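Just so you know, residue 1 is the first one in the sequence shown, and it goes up from there. As the structure is a computational prediction, the values presented were derived from the model and not from experiment.
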Amino acid sequence: MSTHAIERRAGVPARLPATARRHLEWLAAGLALGFAVPFVFADLLDLPRDLYYGIYIAFVATFFFAWARSTGQDLGEMVRRRTATAIALGLGFGGLVSLLVLKAADATSRPGGLQLAGAVVWRGVLYGAADGLLLSAFPILAVFAAFAGTRLRERLSGKLAIGAIALVASLGMTAAYHAGYSDFRSGKIGQPLRGDALWSAPTLLTLNPVGAPIAHAAMHVTAVLHSYDTDLFLPPHR
């Protein structure tokens, strides 16, 4: 008889819920690795931008799914949670951050044809979605999971307090990640921190991981189309 069968017959759940400390350990790992990936591959090794994006996207996907599996999170249930609202908010806040791109960055020349289409998909959609997943969806969902089963999750005031903590965690992840790039280790880091609340809002309001990546991808797509050689929205910058 399998271990899981014995556990079920004994009345013990096959997968125990993760403790708050375990989620905090994952958050700490995310902060460290979120800084280390751009620092090592973009800053020190100076890899070509699109190759670096491939490494970063693979890291984010692996890290997020490892966290979910290790802590017993049901990703299917997360994605089904207020799905229509999460998508609508993602598109709405994506429009807002896109307006910020148009305002903050000067228009530059860009390639055309297949090269531009590839950049929209790779640098805009995929890299943008990875950013939204690591910088917003992961820290927000990890903080709320850390408080699962507590009295705070049962009261509106408690949920608001957890939401504030989750937003601080997202700001911390955004700061750590951007500090991995040499040009963001300056006052320039304030730019992504000011945008964090906007692209985090869809996931913060719905606890669905798809909202923030949609908003962030919209911002990156706008940057590719409007300011292809931007020195702000598509790091690393040479």
>> Determine whether Ile165 and Phe147 satisfy the following criterion, side chain to side chain contact (heavy atoms under 4.5 Å, CB included), listing intermediate values before the conclusion.
In response: CA-CA 11 Å; Ile165 297 171; Phe147 286 94; 4.0 Å; yes
>> Please say yes or no: joined through hydrophobic side-chain contacts below 4.5 Å, possibly via intermediate residues, are Ile87 and Leu96 part of one cluster?
In response: no
>> Tell me whether Leu198 shares a hydrophobic cluster with Met219, the cluster being built from Ile, Leu, Val, Met, Phe, Trp, Tyr side chains joined at under 4.5 Å.
In response: yes
>> Please check this pair: side chain of Arg151 against backbone of Gly158, looking for a donor-acceptor N/O pair closer than 3.5 Å.
In response: no
> What orientation do Tyr56 and Tyr52 show, parallel under 30°, tilted 30 to 60°, or perpendicular over 60°?
Replying inline: parallel
> Side-chain contact, heavy-atom cut-off 4.5 Å: Leu75 with Phe65?
Replying inline: yes
>> If I take atom NZ from residue Lys103 and atom NE2 from residue His226, how far apart are they, to the nearest 0.5 angstrom?
In response: 13.0 Å
>> Show, in sequence, the C-alpha distance, side-chain angles and deciding distance for Tyr177 and Leu31, and conclude whether the side chain to side chain contact (heavy atoms under 4.5 Å, CB included) test is met.
In response: CA-CA 7 Å; Tyr177 166 71; Leu31 288 168; over 6 Å; no
> Do any N or O atoms from the side chain of Arg153 and from the backbone of Phe144 form a donor-acceptor pair under 3.5 angstrom?
Replying inline: yes
> Distance from Asp196 atom CG to Leu167 atom CG, nearest 0.5 Å?
Replying inline: 6.0 Å
> In terms of hydrophobic clustering (I, L, V, M, F, W, Y; side-chain heavy atoms under 4.5 Å; direct or indirect links), are Ile214 and Leu225 co-clustered?
Replying inline: no
> Between His220 (side chain) and Leu234 (backbone), is there a donor-acceptor pair under 3.5 Å?
Replying inline: no
>> Has Thr206 got a side-chain atom pairing as donor or acceptor with Ala86's backbone, closer than 3.5 angstrom?
In response: no
> Hey, any chance Val143 and Val60 share a hydrophobic cluster, counting ILVMFWY side chains that come within less than 4.5 Å of each other, even indirectly?
Replying inline: yes
>> I need the minimum non-hydrogen distance between Pro213 and Thr203, along with the two atoms involved.
In response: CD-OG1, 4.5 Å
> Are the side chain of Ser70 and the backbone N or O of Trp67 linked by a donor-acceptor pair below 3.5 Å?
Replying inline: no
> With distance as the sole test, does Ser227 use its side chain to make a donor-acceptor pair with the main-chain N or O of Ala223 at under 3.5 Å?
Replying inline: no
>> Test of understanding: with side-chain hydrogen bond (donor to acceptor under 3.5 Å, both in side chains), list the residues that count as partners of Gln115, not counting sequence neighbours.
In response: none
> For Ala197, does its backbone N or O pair with a side-chain atom of Ser200 as donor and acceptor, under 3.5 Å?
Replying inline: no
>> The criterion is side chain to side chain contact (heavy atoms under 4.5 Å, CB included); which residues satisfy it with Ala217, sequence neighbours excluded?
In response: none
> How many angstroms lie between NE2 in His237 and CG in Asp183, if you round to the nearest 0.5 Å?
Replying inline: 6.0 Å
> Distance-only, no hydrogens or angles: does the His178 side chain make a donor-acceptor pair with backbone N or O of Thr174 under 3.5 Å?
Replying inline: yes
> Which pair of non-hydrogen atoms, one from Ala175 and one from Ile189, has the smallest distance, and what is that distance?
Replying inline: O-CD1, 3.5 Å
>> Measuring from atom CG of Leu204 to atom CD1 of Ile162, what distance do you get when rounded to the nearest 0.5 angstrom?
In response: 11.0 Å
>> Looking at every heavy atom in both Met173 and Pro139, which two are closest together, and how far apart are they?
In response: CB-CG, 4.3 Å
> Side chains of Lys188 and Leu232: does their closest heavy-atom pair fall under 4.5 Å?
Replying inline: yes
>> Which heavy atom of Asp229 sits nearest to which heavy atom of Ser109, and what is that distance?
In response: OD2-O, 4.0 Å
> In the hydrophobic clustering that connects Ile, Leu, Val, Met, Phe, Trp and Tyr at side-chain heavy-atom distances below 4.5 Å, which members other than Leu102 occupy its cluster, ordered by chain and number?
Replying inline: Leu99
> Of all heavy-atom pairs between Ser98 and Ala218, which one has the smallest distance, and what is that distance?
Replying inline: OG-O, 3.3 Å
Side-chain donor-acceptor pairs under 3.5 Å in residues 34-41, sequence neighbours left out?
none

> Got a second to check how far His23's NE2 is from Gln73's CD, nearest 0.5 Å?
Replying inline: 4.5 Å
>> Using modelled atom types and a 3.5 Å cut-off, is there a donor and acceptor pairing between side-chain atoms of Ser170 and backbone atoms of Leu135?
In response: yes
> Tyr53 vs Tyr127 aromatic rings, parallel, tilted or perpendicular, using cut-offs 30° and 60°?
Replying inline: parallel
> If you look only at pairs with a residue in residues 74-100, which of them pass as a ring-ring contact (aromatic ring centres under 6.0 Å, His included), with sequence neighbours excluded?
Replying inline: none
>> If I compare all heavy atoms of Val224 with all of Tyr228, which pair ends up nearest, and what's the gap?
In response: O-CD1, 3.5 Å
>> Strictly distance-based, threshold 3.5 Å: is any side-chain N or O of Asn208 a donor or acceptor partner for the main-chain N or O of Arg81?
In response: yes
> If you measure from OG1 on Thr71 to CG on Leu141, what distance do you get to the nearest 0.5 Å?
Replying inline: 10.0 Å
> Going hydrophobic residue to hydrophobic residue with side-chain gaps under 4.5 angstrom, can you get from Val79 over to Leu134?
Replying inline: no
> Under the side chain to side chain contact (heavy atoms under 4.5 Å, CB included) test, which residues partner Leu126, sequence neighbours left out?
Replying inline: Ile57, Val121, Trp122
> Is it true that Trp26 and Phe138 have ring centroids separated by less than 6.0 Å?
Replying inline: no
> Between Thr108 and Thr230, is a side chain to side chain contact (heavy atoms under 4.5 Å, CB included) present by the stated rule, with each step listed?
Replying inline: CA-CA 8 Å; Thr108 66; Thr230 175; over 6 Å; no
> Looking at Arg185 and Asp43, does any basic side-chain N land under 4.0 Å from a carboxylate oxygen?
Replying inline: yes
